[in-house]
S.K.: 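Mind looking over this structure? Questions follow.
Remember, predicted model here, so these are calculated numbers, not experimental data. Hydrogens, waters and symmetry mates are skipped; everything else that's a heavy atom, side chains included, is used.
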Amino acid sequence: MVHVTDQSQANPATRRELAPRANLTTADNPWPLRLLNTKIDEYVARMSHVWVEGQVVQFNRRPGAGMQFLVLRDTEADMSMNVSIYTRVMAAIESRAGSPLNQGARVVVHAKPTFWTRRGSLQLQAEDIRPVGIGDLLARIEQLRRVLAAEGLFDAERKRPLPFLPRRVGLVCGREAKAKDDVVVNARLRWPGLPFAVREVAVQGARAVTEVTAAIGELDAIEDVDVIVVARGGGAVEDLLPFSDEGLVRAASACRTPLVSAIGHESDCPLLDLVADYRASTPTDAARRIVPDLAEETLGVDQARERARAALSARLEAEQSSLDQVRARPVMADPGVIIRDREAEIELATERIRRCLTHQVSLADAGLHAERARLSALSPQGVLDRGYAILRTPSGAIVTSAEDIKRGDLIEGVLASGRLVAQVVGATRSESAAQ
């Protein structure tokens, strides 16, 4: 075990042994700050050179100085670090690039981490600084575009329709930017009094991604905000890079409120345009899209009301004409005429039925008389009425021949009126029977 002795005390009797490691320190036996800084310096000194990407957010040149200092900020997170570089090295870098290094430039730095024990600060000692070309950045964006497209974030099925008339419009724009007036003024010209919830944020630079993402999330949480507009109004390609940041694009995709992207011109197409529910070419175009034109809508309502009035008038006129035609009929002037006509028709029909029935009865009566006459002619009673009689034996058999009876038999005679009983005293056979 290595023993560390605090020798800052003048009196040897007060010297104490310090903990060899940080996890062995206690409240009664702490490390002096100088020891901590020394150990941090020793650890950082063992670190190797590293390539770091970031954005130059502060660079104040110091003419005549041997060292230049700048501040490098992360392109997505709110983190920064001081960078030092020898003036002669910076001059060689700028000479090689053909242009001076300016604030806002996106660069990659080859540096060695160093720790200043006196100030207790960590910084980078740069040996090379290279600007990140627009072509490289656009290639990265194109690769990200393919990845997000494969995930379906740009699919048309994900696009939500914008509300006809939002209760409130959320607006994300730059601080004191003209894009704000382009949206607010033009929208209120179309629909006066339209309420807005405005969030003015950084729309370029290192803080743009964080602030725009936070503003979108904040507006999405407001219940009566029915549509969110992100407006910038164009700019150089590098100025629009934050709107192709993966974190910002995913935040816009997760937004529950319909989102309108109005951050570029027709030739620009940041990834936010692809994930938004509607892409406006300019902030003014966004203002025309998010609200209807009150004058046009009023004109449309007036025209619709006029068409409805004309259709109703035409229908009423047609119905009145039909009613007039019905009222002009004779039956409407004298309703009894239809009854009288029906009565006349019934009387005629009744008379036809009566004549038909009378004729049929007469025919039937004549036929009955004829049949009765034939029946009378064929009836035995008719024969009896002419003076003939029917003779029957006591057994009821009709006597048709003299051979059917003999002398002394009783026979019954059926006359036209009444009957008689007689006794046979003799019978004579016919000549044909005798033969």
S.K.: For Asp273 and Ile263: C-alpha separation, side-chain torsions, deciding distance, then whether side-chain contact (heavy atoms from CB on, under 4.5 Å) applies.
M.R.: CA-CA 8 Å; Asp273 283 351; Ile263 58 176; 3.8 Å; yes
S.K.: Should Arg289 and Asp285 count as an ion pair when the cut-off is N to O under 4.0 Å?
M.R.: no
S.K.: Would you say the side chain of Cys173 lies within less than 4.5 Å of the side chain of Val183, judging by non-hydrogen atoms?
M.R.: no
S.K.: Considering all heavy atoms of both residues, which atom of Pro166 and which atom of Val169 are nearest to each other, and what is their separation?
M.R.: CG-CG2, 3.7 Å
S.K.: Show the nearest heavy-atom pair for residues Leu18 and Pro30, with the distance to one decimal.
M.R.: CD2-O, 3.8 Å
S.K.: Evaluate whether atom CZ of Arg96 has more than 12 neighbouring non-hydrogen atoms of other residues, nucleotides or ligands under 6.0 angstrom away.
M.R.: yes
S.K.: Give the C-alpha distance, both sets of side-chain angles, the deciding distance and a yes or no for side-chain contact (heavy atoms from CB on, under 4.5 Å) between Thr213 and Thr210.
M.R.: CA-CA 5 Å; Thr213 302; Thr210 303; over 6 Å; no
S.K.: Check whether any side-chain heavy atom of Ile216 lies under 4.5 Å from a side-chain heavy atom of Leu248, and answer yes or no.
M.R.: yes
S.K.: Would you say that Leu171 contacts Val230 through its side chain, given a criterion of any heavy-atom pair below 4.5 Å between the two side chains?
M.R.: no
S.K.: I'd like to know whether Phe154 forms a side-chain contact (heavy atoms from CB on, under 4.5 Å) with Leu148, so could you lay out the CA-CA distance, the side-chain angles of the two residues, the decisive distance to 0.1 Å, and finally the verdict.
M.R.: CA-CA 7 Å; Phe154 306 150; Leu148 298 180; 3.6 Å; yes
S.K.: Between Arg146 and Glu142, is there a side-chain N and carboxylate O pair less than 4.0 Å apart?
M.R.: yes
S.K.: Any non-hydrogen side-chain atom of Val229 less than 4.5 Å from a side-chain atom of Val172?
M.R.: no
S.K.: Can you list the residues that meet the side chain to side chain donor-acceptor pair (under 3.5 Å) rule with Thr400, with sequence neighbours excluded?
M.R.: Asp404
S.K.: Using 4.0 Å as the upper bound for N to carboxylate O, is an ion pair formed by Glu351 and Arg354?
M.R.: yes
S.K.: Looking at Ala187 and Phe196, what are the two nearest heavy atoms and their distance?
M.R.: CB-CZ, 3.7 Å
S.K.: Do Thr282 and Thr284 have side-chain atoms, one donor and one acceptor, less than 3.5 Å apart?
M.R.: no
S.K.: Minimum heavy-atom separation for Gln125 and Thr114, please, with both atom names.
M.R.: CB-CG2, 4.0 Å
S.K.: Tell me, do Cys255 and Ile228 make a side-chain contact under 4.5 Å, heavy atoms counted?
M.R.: yes
S.K.: Under 3.5 Å, is there a donor on one side chain and an acceptor on the other for Thr257 and Asp220?
M.R.: yes
S.K.: Could you report the tightest heavy-atom contact between Arg232 and Ala179, atom names first, then the distance?
M.R.: O-CB, 3.7 Å
S.K.: Go through Lys39 and Glu42 one step at a time and tell me if the salt bridge (charged side-chain N to carboxylate O under 4.0 Å, His left out) criterion holds.
M.R.: CA-CA 5 Å; Lys39 287 186 175 293; Glu42 293 174 355; 5.1 Å; no
S.K.: Could you tell me whether the side chain of Pro20 reaches within less than 4.5 Å of the side chain of Leu24, counting heavy atoms only?
M.R.: yes
S.K.: Grab the two heavy atoms, one from Trp191 and one from Pro292, that are nearest each other, plus how far apart they are.
M.R.: CE3-O, 3.6 Å
S.K.: Assess the side chains of Ser84 and Gln68: does a donor N or O sit below 3.5 Å from an acceptor N or O?
M.R.: no
S.K.: So does Glu345 have more than 12 non-hydrogen atoms from other groups sitting under 6.0 Å from CD?
M.R.: yes
S.K.: Under 4.0 Å between a Lys/Arg side-chain N and an Asp/Glu carboxylate O for Arg158 and Glu151?
M.R.: no
S.K.: State plainly whether the residues Asp226 and Arg167 are in salt-bridge range, i.e. N to O under 4.0 Å.
M.R.: yes
S.K.: Taking atom OH as the centre, does Tyr86 end up with more than 12 heavy-atom neighbours from other residues, nucleotides or ligands that are less than 6.0 angstrom away?
M.R.: no
S.K.: Would you indicate whether the side-chain heavy atoms of Arg199 and Leu219 approach each other to under 4.5 Å?
M.R.: yes
S.K.: Check the surroundings of atom CZ in Arg175: do more than 12 heavy atoms from other residues, nucleotides or ligands lie under 6.0 Å from it?
M.R.: yes
S.K.: Between Pro258 and Tyr278, is there a side-chain heavy-atom distance shorter than 4.5 Å?
M.R.: no
S.K.: Is the CZ atom of Arg327 crowded by more than 12 outside heavy atoms at less than 6.0 Å?
M.R.: no
S.K.: Does NZ or CZ of Arg118 come closer than 6.0 Å to the centre of the six-membered ring of Trp116, within 45° of the ring's axis?
M.R.: no
S.K.: State whether Lys112 and Glu127 are salt-bridged, where the test is any N-O pair (Lys NZ or Arg NE/NH1/NH2 against Asp/Glu carboxylate O) under 4.0 Å.
M.R.: no
S.K.: State whether Arg160 and Asp277 are salt-bridged, where the test is any N-O pair (Lys NZ or Arg NE/NH1/NH2 against Asp/Glu carboxylate O) under 4.0 Å.
M.R.: yes
S.K.: Look at Asp302 together with Arg305 and state whether they make a salt bridge at an N to O cut-off of under 4.0 Å.
M.R.: yes
S.K.: Among Asn60, Ile129, Leu124, which residue meets the side chain to side chain contact (heavy atoms under 4.5 Å, CB included) test with Leu70?
M.R.: Ile129
S.K.: Using a strict cut-off of less than 4.0 Å between a Lys/Arg side-chain nitrogen and an Asp/Glu carboxylate oxygen, indicate whether Asp128 and Arg130 qualify as a salt bridge.
M.R.: yes
S.K.: To the nearest 0.5 Å, what is the distance between NZ on Lys159 and CZ on Arg279?
M.R.: 11.5 Å
S.K.: Crowded around Met67 CE? As in, over 12 foreign heavy atoms under 6.0 Å?
M.R.: yes
S.K.: Walk me through whether Met81 and Val71 qualify under side-chain contact (heavy atoms from CB on, under 4.5 Å).
M.R.: CA-CA 6 Å; Met81 183 173 289; Val71 177; over 6 Å; no
